[in-house]
2 protein chains.
Amino acid sequence: MKDKRIQIIETALGLFAEKGFEGTSIRDIAEKASVNVAMVNYYFGTKEKLFERIVEYKSATTRGLLDEIQKNESITPIQKIEAVIDSYIEKLFTHRMFHRLIQQELILNQRESLQNSIVNNFIPNANIVKNIIESGIKKGDFKKVDLELTIATLNGTINQVLLSRKFCNRLMNKSDDYIPYEDIKFKKRVSVHLKQLMHSHLLNN
Amino acid sequence: MKDKRIQIIETALGLFAEKGFEGTSIRDIAEKASVNVAMVNYYFGTKEKLFERIVEYKSATTRGLLDEIQKNESITPIQKIEAVIDSYIEKLFTHRMFHRLIQQELILNQRESLQNSIVNNFIPNANIVKNIIESGIKKGDFKKVDLELTIATLNGTINQVLLSRKFCNRLMNKSDDYIPYEDIKFKKRVSVHLKQLMHSHLLNN
DNA sequence: AAAACTTAATTAAACGTTTGTTTAATATTA
DNA sequence: TAATATTAAACAAACGTTTAATTAAGTTTT
């Protein structure tokens with residue numbers, strides 16, 4: 001069964017995202033995935049290589065449709081931004097465990113090679129958004145905003161609600177066991193907020 | 001010398017912020033702080049208690065002046081928001097190592113008691129900002145925006161640039177060894193962006 | 001002020017666990 | 001039969017923590 005490799009990957013992803021890389025032992029992973037401890041090293045060599053494989057595996061399934069949005073000539077810049085927002089929210093909420101993993105790795109200054117590959121995966125996405133805003137400015141639709149920090153605001157807002165459930169719940173006056181990420185209403189709420197925010201931030205008049 | 005305790009705290013703060021709690025060993029801390037390994041346990045009991053002491057110690061020195069901004073009746077709501085933005089940026093940039101520590105802890109689901117105390121420290125601050133925006137809405141100065149998500153946007157934008165230097169630098173087309181957090185121009189840039197953003201987001205007309 | 005005593009600070013070494021990883025034997029599949 | 005998968009056991013290294021001995025500092029007694 002080649003499923004066992006994937007079973008290990010999925011289990012490790014969950015544990016890494018929840019407890020961190022150093023906070024998760026191979027024995028934790030093996031037990032939760034119901035495999036022998038040695039299987040992890042047998043399939044992936046080392047713990048660090050397992051981590052890299054997870055990033056590879058998930059990156060492949062997470063590749064974006066942002067290009068299509070950018071190239072679509074039948075919609076206005078602000079409509080493109082709205083499409084980007086919905087695409088972002090959908091992607092990050094759906095793959096939120098992977099996203100947590102990535103964000104943790106970005107904060108930590110360990111495993112530099114991984115940092116680079118993560119950043120290199122992010123930058124093209126950011127550049128697409130950048131281009132959309134730039135062309136909106138050229139067209140006269142958008143104000144001359146700070147491109148990079150506008151992107152930081154988009155990412156940052158979603159991260160803020162996505163990375164700490166407890167903080168998010170307290171802020172929203174929800175009980176601690178509420179899981180906002182599975183609530184369609186909450187996703188919609190974030191979408192509406194970001195669209196309104198970008199409307200007033202970007203649009204002239 | 002009671003300085004040694006503080007020396008350990010400061011060193012541990014730096015290492016925890018950089019390498020994470022589980023990624024930092026007591027021997028790492030002791031070596032970098034030039035003290036014997038046993039001193040850490042002698043002073044703080046356990047590694048986890050050391051962590052708690054760091055949070056205590058730093059929380060005390062980081063207590064806010066947000067209350068004063070709120071109570072100041074000689075300035076308008078939007079001026080209050082601007083003051084909050086500058087206060088936030090100043091505080092988080094200055095204590096950015098502590099802030100990294102806190103954010104890491106919020107993402108991870110370990111050490112629940114610490115999570116609670118962190119969240120409980122944050123919520124009052126958030127509520128002050130909430131009150132300012134609410135009173136701005138009542139006065140008719142502000143639009144009826146999503147209160148909680150507006151706060152998430154404020155926090156999230158600053159976090160986004162503060163938590164990953166590499167990502168931040170790539171986004172800004174700076175070299176990898178550039179340290180934006182020590183650059184006054186960069187701080188100013190974030191301030192200007194956030195103020196513009198909140199102006200168009202909050203203000204009527 | 002010196003000596004005696006008491007507490008606190010500091011050290012090197014050791015403790016028992018847990019860690020990631022490897023081995024060597026066994027079972028399974030092709 | 002040959003390659004692959006799986007296992008329990010063992011490995012050395014690193015971990016947080018404790019111990020027991022030594023030094024320094026502070027206090028009390030003479």
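A note on names: the letters A, B, ... follow the listed sequences, proteins ahead of strands, and every chain is numbered from 1.
No cation-pi contact links B:Arg170 to A:Phe122, judged by a cut-off of 6.0 Å to the six-membered ring centre and 45° from its axis. Judged by a 6.0 Å distance limit and a 45° cone about the ring axis, B:Arg165 is not positioned over the six-membered ring of B:Tyr178.
For the OP1/OP2 pair of C:dT10 and a distance below 4.0 Å, the side-chain nitrogens and oxygens of B:Tyr43 include at least one atom meeting the criterion. Between B:Lys47 and D:dC15, a side-chain N or O to OP1/OP2 separation shorter than 4.0 Å is absent. Residue B:Tyr42 places none of its side-chain N or O atoms closer than 4.0 Å to OP1 or OP2 of C:dT10. Under 4.0 angstrom from either OP1 or OP2 of C:dT18 there lies no side-chain N or O belonging to A:Ser25.
Atom P of nucleotide C:dT10 and atom CG of B:Asn41 are separated by 15 Å, given to the nearest angstrom. We find that CD of A:Glu22 is positioned 11 Å from P of D:dC15, with the value rounded to whole Å. Regarding A:Arg5, its CZ atom lies at a distance of 11 Å from the P atom of D:dT6, rounded to whole Å. For B:Glu48 and D:dG16, the CD to C1' distance is 12 Å, given to the nearest whole Å. Taking atom CD1 on B:Ile8 and atom P on C:dT10, their separation rounds to 9 Å, with Å as the unit. Atom P of nucleotide C:dT10 and atom CE of B:Met39 are separated by 4 Å, given to the nearest angstrom. Across the protein-nucleic acid pair, B:Lys19 atom NZ and D:dA14 atom P stand 13 Å apart, rounded to whole Å. Between the C1' atom of D:dT6 and the CZ atom of A:Phe44 lies a distance of 15 Å, rounded to the nearest Å.
No salt bridge links A:Glu18 with A:Arg100; every basic N to acidic carboxylate O contact stays at or beyond 4.0 Å.
Relative ring orientation between A:Phe16 and A:Phe21 is described as tilted, the plane-to-plane angle lying within the 30° to 60° band. Ring geometry, A:Phe186 versus A:Tyr181: the interplanar angle exceeds 60°, so the pair is classed perpendicular (tilted spans 30 to 60°).
When only modelled atom types and interatomic distance are considered, A:Gln196 and B:His201 share no side-chain donor-acceptor pair under 3.5 Å. A side-chain donor-acceptor contact under 3.5 Å links B:Gln79 and B:Thr76.
Note on residues 153-164 of chain B: pairs passing side chain to side chain donor-acceptor pair (under 3.5 Å), not counting sequence neighbours, are A:Thr153-B:Thr157, A:Thr157-B:Thr153, A:Asn159-B:Gln160, A:Gln160-B:Asn159, A:His193-B:Thr153, B:His99-B:Asn159.
Of all the residues in residues 31-38 of chain B, B:Asn36, B:Ala38 reach under 4.0 Å from DNA chain C with at least one non-hydrogen atom.
When distances run from any side-chain atom of B:Ile26 to the nucleotides D:dT17, C:dT11, C:dG20, the shortest one goes to D:dT17.
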Given B:Met198 and B:Thr150, is the side chain to side chain contact (heavy atoms under 4.5 Å, CB included) satisfied, shown in steps? CA-CA 9 Å; B:Met198 285 301 123; B:Thr150 300; 3.9 Å; yes
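Axis angle, first five pairs versus last five pairs of the helix from C:dA1-D:dT30 to C:dA30-D:dT1: 10°, rounded to 10°.
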